[in-house]
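Each remark here refers to the structure printed beneath this line.
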Amino acid sequence: MRRAGVTLALFALLMPAASGCRLFSRPDVKQAAAEANIAHYQDVATQIEYPTGMDLPNGDLAASGAPISIAYDGPIEYWDLRLEEVMHMALGNTKVLRDLGGLMLRSPDSAVTWVDPAVQETDPQSGMEAALSAFDATFANSTFAENNDRGLNNSFFGGGIRKLKQDLMVSQSQITKRAATGTEFTVRQNTQYDANNAPANLMRSFWESMIETEFRHPLLRGGGVEFNRIAGPSDDPGVMNGVLLARINNDISLTDFEMAIRDYVSNVENAYWDLYFAYRDLEARRTARDAALETWRRIQALNATGRRGGEAEKEAQAREQYFRFEEEVQNALTGRIIDGTRTSNGSRGGTFRGYGVSPGVHVAERRLRLLIGLPINDGRMIRPAQEPELAAVEFDWHEVLQESLMRRTELRRQKWLIRRRELEMKASKNFLLPQLDAIARYRWRGIGKDLFYQDDNLTLINEPDNLDRSEIDNAWDSLFNGDFQEWQLGAEMSFTFGNRRALAGVRNAELRLSRERAILREQEREIVHDISNAISDMDRAYATAKTNLNRRVAARQQLAAVTAAFEADTAPLDLVLEAQRRVAEADSRYHASFVEYMIALKNVHFEKGSLLDYNAVGLSEGSWPKQAYSDAEARDALRSRPLNLFGHQPGEVVSSGHVLRGTLIHNPPVPGVPEGEIPPELLNPEHDPEGAPAPLPVPTEGGIPVEEVQDGPSLGAAGKAPAGARQAGNGQAGSNQQIPVSPLARRPVGQTGTFRTTTGALPAMTSPLRNAGGGRPEAGRIQQTSGAAGTSAAGSLPEWAGEN
């Protein structure tokens with residue numbers, strides 16, 4: 001019968017399988033269904049998906065107007081902005097630090113935003129709160145109820161029965177807290193209910209309750225405040241996430257953010273001077289085109305009357321000259337989409353790329369708008385209202401060198417990495433020790449028929465003669481009366497033979513530390529190289545600016561002389577056309593050289609780490625809520641100071657906070673000044689050092705200094721400024737006035753502010769940025785402009801037109 005039942009069962013199991021095989025063996029049905037739906041599936045599978053709810057672009061961007069180009073014939077409103085105003089707009093409109101290299105579209109994950117430091121600090125894996133959470137108190141509870149019905153082989157262990165019937169409930173709760181020393185404190189409570197049919201039981205059902213405290217302290221591996229602050233409660237070498245390392249991660253993220261802000265400020269200034277040169281280059285090309293047009297018209301008039309000098313080849317030559325300049329005007333106005341001046345395009349702060357292939361007014365203006373967060377097309381044209389500095393700035397080399405080695409953000413970031421590797425190596429050595437824990441437990445137990453007092457008679461199955469019935473009436477009374485108490489002391493020890501993983505971790509930490517130190521050394525050498533290049537390039541730019549001034553004067557004088565000779569019929573047309581080209585090139589190169597000088601001056605501050613101060617930009621971490629400060633003060637007043645019973649020394653300081661601004665390292669002592677500080681007369685921009693030479697007048701001709709036309713030694717007659725002093729024009733072209741500034745050589749403008757900083761008002765300019773008549777001022781003439789933090793030389797811009 002059993003064999004027949006098994007056969008029927010197998011037959012029942014195989015029947016659905018056999019019918020299924022037969023069903024799927026019909027290819028006509030399967031193929032027809034596939035052919036009916038294959039087209040639909042192919043269409044769905046090859047479609048490009050778009051996220052729902054985000055189909056429409058931003059409204060203000062979708063309503064952007066048409067760009068201003070060479071074909072634009074509408075009215076143009078010019079918007080004159082100074083550099084500090086542009087910087088103020090840039091920092092006020094920026095949540096994502098923009099760049100000019102296409103990074104935002106090509107690699108958006110690499111873009112830096114204003115929330116990046118907060119993202120790092122709130123990281124649930126490596127942030128500060130994540131590291132502190134390892135020392136949070138933890139509550140755990142488990143409750144299980146079960147019914148057991150089993151047969152027992154041994155009646156002795158079954159309480160005298162062979163068949164056990166049991167109702168069982170077990171509940172466990174505990175709170176565990178780890179201290180900074182690695183000590184683990186546990187408070188545990190267990191409650192158990194047991195009702196079974198064992199005849200040897202005192203009661204048919206009973207409750208048992210227990211409260212236990214446990215103390216476990218690591219004596220070797222994993223013990224100590226320093227290790228737990230570095231590695232946290234980690235048992236694996238190389239896996240560390242302590243409070244100190246989390247704080248260093250935050251500091252590294254802040255240095256990354258500061259570097260991004262610095263690069264962004266540098267790019268904004270680069271774009272501003274690119275736009276300035278684009279306007280100046282357009283002006284030079286238009287002037288040359290107008291001169292070529294006048295020459296062509298004159299030759300054409302001679303050709304129409306058949307007079308000498310109006311030959312056909314000369315007329316064609318003059319016409320070719322005009323159209324050449326017309327093309328240059330068109331390119332200078334619209335521009336070509338080429339790489340402009342930006343950070344790391346040859347130098348850290350940016351190498352000027354405007355001369356030779358002009359960025360063009362329209363292209364440069366749109367780039368500036370892109371950087372500072374303005375609408376790309378709004379019918380207006382931004383026009384720089386600030387002239388480059390015409391005075392020489394000199395830096396003391398030793399002071400600049402020390403400052404660059406102290407303030408460069410890259411070095412500070414690398415030093416944080418070194419500090420991290422040092423802490424990791426200390427923690428790694430702890431893993432070489434064996435695990436030795438001291439353990440202490442103390443518990444109270446209680447047992448009773450009920451869990452709580454029920455006010456009824458206690459019924460016992462087997463009552464001994466020496467039994468105190470009050471001890472087992474209910475479990476909680478028995479527990480809190482302290483009838484049953486236990487304690488336990490002991491130690492646990494474990495170690496690994498060979499300990500190869502821990503040894504590898506120590507060796508790895510040593511190699512990482514050696515690597516970071518070697519990188520720091522090379523970074524310092526590279527910074528010395530870069531600051532040397534920056535200082536040299538600034539001197540070169542100023543020297544070439546003086547040379548190009550002489551070239552400009554000579555080219556104009558040559559054009560005037562050749563034009564006069566041509567009109568007197570003593571010079572050929574070729575000399576006139578060539579002289580016009582020379583004047584156009586000299587004018588463009590003259591303005592380009594001063595833009596190079598401004599960018600080179602900015603790059604010096606970039607290389608020595610003072611660019612943000614130079615642009616009056618400050619960074620600060622966000623403040624706490626006001627209530628948090630009062631709470632912290634109240635908690636600190638209530639906190640007791642620990643007793644130093646064993647003479648423990650405090651832990652090593654990881655960070656001492658802000659670096660003193662202006663503090664020098666290895667600086668020669670100054671009499672009367674504490675070592676490591678800068679004399680106050682150098683820090684005070686308003687202090688006027690004694691013995692400053694008075695400004696000397698420089699003869700001019702048509703507003704252009706002519707003192708150096710013959711020998712060309714310098715732009716002005718004043719001597720060199722002392723270290724840390726800036727020279728600025730005093731209203732007369734070519735004359736110099738020494739204005740002491742701090743060693744940071746800050747830009748004399750009002751405070752602009754940045755993220756999380758106090759934003760100051762822009763300075764009120766006391767003198768106009770244009771001449772009263774609205775025309776172009778005399779070449780080389782400068783006007784005095786007073787700022788909120790100093791005095792600078794600012795030139796007047798002509799009334800540029802947008803059309804060509």
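Scope of the values below: all heavy atoms of this structure, side chains included, with no hydrogens, waters or symmetry mates. Please read these numbers as outputs of a predicted model, since none were measured by experiment. Numbering starts at 1 and runs along the sequence shown.
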[X] side chain near [Y] side chain, heavy-atom distance below 4.5 Å:
X      : Y      : value
Thr351 : Thr341 : no
Leu390 : Tyr597 : no
His591 : Asp281 : no
Leu81  : Met89  : yes
Asn603 : Met538 : no
Leu417 : Gln414 : yes
Ile382 : Leu374 : yes
Arg517 : Ile418 : yes

When you check the gap from the basic side-chain N to the acidic O, do [X] and [Y] get nearer than 4.0 Å?
X      : Y      : value
Arg581 : Glu578 : yes
Glu585 : Arg589 : no
Arg262 : Glu410 : yes
Arg408 : Asp530 : no
Glu328 : Arg324 : no
Arg556 : Asp587 : yes
Arg540 : Glu596 : yes

How far apart are the closest heavy atoms of [X] and [Y], and which atoms are they?
X      : Y      : value
Trp397 : Val528 : CH2-O, 4.4 Å
Arg369 : Asp378 : NH2-OD1, 2.7 Å
Leu559 : Ala579 : CD1-CB, 3.7 Å
Thr113 : Phe257 : O-CE1, 3.5 Å
Ala592 : Phe352 : CB-CE2, 4.0 Å
Val265 : Leu612 : CG2-CD2, 4.0 Å

_Stepwise salt bridge (Lys or Arg N to Asp or Glu O under 4.0 Å) check, Lys608 with Glu399_ = CA-CA 10 Å; Lys608 70 188 188 74; Glu399 188 174 314; over 6 Å; no
*When you look at Trp114 and Ile261, which way does the side-chain contact (heavy atoms from CB on, under 4.5 Å) test go after all the steps?*
CA-CA 9 Å; Trp114 64 289; Ile261 288 288; over 6 Å; no
When you measure from the side chain of [X] to the backbone N and O of [Y], does any donor-acceptor pair fall under 3.5 Å?
X      : Y      : answer
Glu365 : Leu275 : no
Thr334 : Asn331 : no
Asn267 : Thr343 : yes
Gln386 : Leu83  : yes
Asn550 : Thr547 : no
Arg380 : Glu77  : no
Asp537 : Ala600 : no
Ser404 : Val400 : yes
Asn615 : Ser266 : no
Tyr264 : Leu371 : yes

*Check the side chains of Asn533 and Ser536 for a donor-acceptor pair under 3.5 angstrom, ignoring hydrogens and angles.*
no
Approximate separation, where rounding is to 0.5 Å, of [X] [atom1] and [Y] [atom2]:
X      : Y      : atom1 : atom2 : result
Phe325 : Thr287 : CZ    : OG1   : 10.5 Å
Leu370 : Ile376 : CG    : CD1   : 5.0 Å
Asn93  : Lys95  : CG    : NZ    : 10.5 Å
Leu611 : His605 : CG    : NE2   : 8.0 Å
Ser593 : Met598 : OG    : CE    : 12.5 Å
Glu258 : Asp263 : CD    : CG    : 10.5 Å

*When you look at Tyr276 and Tyr272, which way does the ring-ring contact (aromatic ring centres under 6.0 Å, His included) test go after all the steps?*
CA-CA 6 Å; Tyr276 169 86; Tyr272 182 86; 7.7 Å; no
*Stepwise side-chain contact (heavy atoms from CB on, under 4.5 Å) test for Arg336 and Val363*: CA-CA 7 Å; Arg336 299 175 59 189; Val363 171; over 6 Å; no
*Go through the steps for Leu411 and Ile527 under the test side-chain contact (heavy atoms from CB on, under 4.5 Å), then give the verdict.*
CA-CA 9 Å; Leu411 296 183; Ile527 284 176; 3.4 Å; yes
*Just wondering, more than 12 heavy atoms not from Ile519 lying within 6.0 Å of its CD1?*
yes
_Could you go through Glu269 and Tyr614, starting from their C-alpha distance and side-chain angles, then the distance that decides it, and tell me whether this counts as side-chain contact (heavy atoms from CB on, under 4.5 Å)?_
CA-CA 11 Å; Glu269 187 164 351; Tyr614 179 61; 4.3 Å; yes
